[in-house]
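What follows is a set of notes on a single structure, which appears directly below.
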There are 2 protein chains.
Amino acid sequence: MGVRERREKEREQRRQDILTSARAVFLKHGFEQTSMDRIAQAAELAKGTLYLYFKNREELLMALIGDDFEELLEMIEQTVKRKEPSDKKLLHCTTAFYRFSQDNQFFYQLMTQLHFKPECLMNQPSTATITQFQEQNERLMALLSQVLQEGVDTKVFQLDHPIHYVVMQLTVAMKGTMVVLKNNMIPVTLKRPSDEKIIHDVATLLIKGLRRQQAQ
Amino acid sequence: MGVRERREKEREQRRQDILTSARAVFLKHGFEQTSMDRIAQAAELAKGTLYLYFKNREELLMALIGDDFEELLEMIEQTVKRKEPSDKKLLHCTTAFYRFSQDNQFFYQLMTQLHFKPECLMNQPSTATITQFQEQNERLMALLSQVLQEGVDTKVFQLDHPIHYVVMQLTVAMKGTMVVLKNNMIPVTLKRPSDEKIIHDVATLLIKGLRRQQAQ
DNA sequence: CACAAATATGACCAATGGTCATTTACTATG
DNA sequence: CATAGTAAATGACCATTGGTCATATTTGTG
C-alpha cells in the first residue's frame with residue numbers, strides 16, 4: 001500500500017508547511033495580530049483546512065513551539081554537561097532559558113500565553129502534539145533535577161523537599177517571573193532594570209535559598 | 001450650583017451600581033463568561049452606557065478590584081503590625097495574599113488577568129481608576145519594604161540589593177507563581193500539592209534567600 | 001413652553017475561533 | 001475509459017466579543 005504511505009507523508013508535509021507559514025506570520029505580525037485566518041492566508045489555504053490538521057488554535061501554537069523547545073533543550077543539556085558548581089549551572093540554565101526566549105520571541109510569547117485548560121490535558125486522548133510537549137517538558141525537568149542532584153551530592157545545596165518538588169518550585173517561580181514581566185502584569189511607575197537583570201536576580205535569590213546554610 | 005453637585009453624585013452612584021452588578025455577574029458566571037453585554041444586562045442598562053462610565057473593559061475590571069485591594073491592604077497592614085520575626089511576617093504576608101485571593105476568587109482572577117499595556121499606563125492622562133490602583137500598589141510595596149527594613153535592622157535579612165528592588169523581586173516572583181499555578185501554565189502530569197502549599201514553599205525558599213548567611 | 005445639555009440606547013461594526021455542507025482531486029476497480 | 005468511493009479543501013456561515021455612534025430620551029433652565 002504505497003498510496004497510504006505517500007498520503008501520510010504528504011499530510012505531514014502539509015502540516016509542516018502550515019507551521020512554517022504560521023511561524024512567518026507570527027514573526028511578521030506578532031502574537032496579537034495572528035489569527036487563524038491570517039495563518040490560513042499565508043499558507044494559501046482556507047481557514048477550515050487548518051482545522052483538518054490541528055484540533056484548534058491552541059494545538060497549532062503548541063506544535064509551533066515544538067521545534068524551538070527542542071533547540072532549547074539542547075542548549076540546556078550543554079549547560080548541564082559543563083563542569084561548574086551546581087549553583088552556577090542552575091543560574092546558567094535560567095539565563096539560557098531567558099536568552100533563548102529573547103532570541104525566539106514568538107516562542108516566548110506562546111510559551112507564556114499557553115494555558116492548559118483541563119480539557120486540554122484530561123478529556124482528550126492526548127494528541128501527539130500534546131504528548132510531545134509534555135515529554136519535552138519532562139526532559140527539561142529531568143535536566144534540572146540532575147543539576148539539583150549534583151548540587152546535593154557536592155554539598156552545595158541542601159534541599160528541604162524532594163528534588164522533583166524543588167524543580168517544580170523553581171520552574172513555577174521562574175516561569176511566573178517571566179510571564180509577569182513580559183506581560184506587564186505589575187504596574188511599575190518607576191523605571192526598572194532590564195527584564196534580563198530582574199530574572200537573573202530572582203534566580204539568584206531562589207538559588208541562594210537552596211544553598212547549604214552553614215551550621216550556625 | 002446644587003445641580004452640578006447632585007449630578008456628580010448620581011453619576012458616581014450609577015458607577016457604583018454598575019460595579020455592583022458586574023461583581024454579581026462575575027461571581028455567578030466566572031471570568032470567562034462575563035462580557036460587557038452581560039454586565040450591562042445585569043445592570044439593566046445598554047452596553048453603550050457602560051462606556052460612558054468606563055473607558056473600556058480593562059478600566060471596569062480595575063475599578064472592580066479597587067475595593068478588594070483596599071481590604072487586602074488592611075489585612076497586610078495588620079500582619080505587618082504584629083510583633084514577629086521579619087521573615088515570618090513576610091511569609092504571613094504572602095499567605096495572607098493567597099488566602100485572600102482564594103476567598104475573593106474574582107479578585108484573584110482579575111488580578112492575574114490584568115495586563116498593563118503601555119497605552120494603559122503611558123498614553124492616557126491616567127484616569128482616576130488607574131491612579132487609585134497604582135496608589136494601592138505602592139502602598140503594598142511600602143508595607144513590604146517596611147518588613148524588609150525591619151528584617152535588615154534586626155539582622156534577620158541581609159540584602160544584596162536596595163530594598164525597593166528586592167520588594168519588586170519578591171512581588172514579581174510571587175505574583176508570577178500564582179499566575180502560573182492558577183492558569184495552569186505548566187503541564188503537570190503528576191498530581192501536585194495544593195496551590196497554597198506550593199506558594200507557601202516558594203515564598204519560604206525566596207525568604208530563605210534573603211536571610212543573613214552565617215559567616216563561613 | 002422651548003431650548004439645551006446631559007444621559008441612555010441598541011443597532012451596528014470589525015475581528016475572532018470554530019463548523020459543516022458542498023465541492024474538488026485523486027484512486028482503485030469493473 | 002468510466003464510475004464509484006474516499007480523502008482533502010473550501011469558504012460561507014455562526015456565535016461571540018469589545019467597542020462606536022447617530023439617534024432618542026430625560027432633565028434642568030430661562
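Side-chain atoms are counted along with the backbone in the values below, which use heavy atoms only and exclude waters and symmetry mates. Quick caveat, the model's predicted, so the values are computed rather than measured. Note on naming: letters A, B, ... go to the chains in the order of the sequence lines (proteins, then strands), and numbering restarts at 1 for each one.
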### Task
Compute whether any side-chain donor of one residue and acceptor of the other, for A:Q13 and A:D17, lie under 3.5 angstrom apart.
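Short answer, yes.
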
### Message
What I want to check is whether the side chains of B:E12 and B:Q16 have a donor and an acceptor closer together than 3.5 Å.
### Response
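Yes, side-chain donor-acceptor contact under 3.5 Å.
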
### CE-CE distance between B:M168 and B:M141, expressed to the nearest 0.5 angstrom
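Reported to 0.5 Å precision, the distance equals 7.0 Å.
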
Could you state the atom-to-atom distance from [atom1] of [X] to [atom2] of [N] in whole Å?
| X | N | atom1 | atom2 | result |
| --- | --- | --- | --- | --- |
| A:Q41 | D:dA9 | CD | P | 18 Å |
| B:R11 | C:dA8 | CZ | C1' | 12 Å |
| B:R14 | D:dT27 | CZ | P | 10 Å |
| A:L52 | C:dT23 | CG | P | 17 Å |
| B:R7 | C:dA5 | CZ | P | 12 Å |
| B:Q13 | C:dA6 | CD | P | 21 Å |
| A:L60 | C:dT16 | CG | P | 15 Å |
| A:L45 | D:dA7 | CG | P | 19 Å |

### Query
Base, sugar-phosphate, or nothing: which does A:F54 touch, judged by heavy atoms less than 4.0 Å apart?
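A:F54: no heavy atom of the nucleic acid under 4.0 Å.
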
#### Entry: B:R15 with B:E59: basic N within carboxylate O range, under 4.0 Å
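Judged by the 4.0 Å cut-off on N to carboxylate O distance, B:R15 and B:E59 do form a salt bridge.
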
### Query
Less than 4.0 Å between a side-chain N and a carboxylate O, is that true for B:R139 and B:E74?
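Looking at B:R139 together with B:E74, the answer is no, because their closest N to O distance does not fall below 4.0 Å.
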
### Query
In the 5'-to-3' direction, what one-character label does each nucleotide of nucleotides 13-25 of chain D receive under the scheme B = base within less than 4.0 Å of a protein heavy atom, S = sugar-phosphate only, - = no such atom?
----SBBBB----

### Nearest-neighbour nucleotide for the B:A46 side chain, C:dG10, D:dA8, C:dT7 considered
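Minimum distance to the B:A46 side chain belongs to C:dG10.
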
### Query
Considering residues, nucleotides and ligands other than A:E10, do more than 12 of their heavy atoms fall under 6.0 Å from its CD?
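Check passes, neighbour count above 12.
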
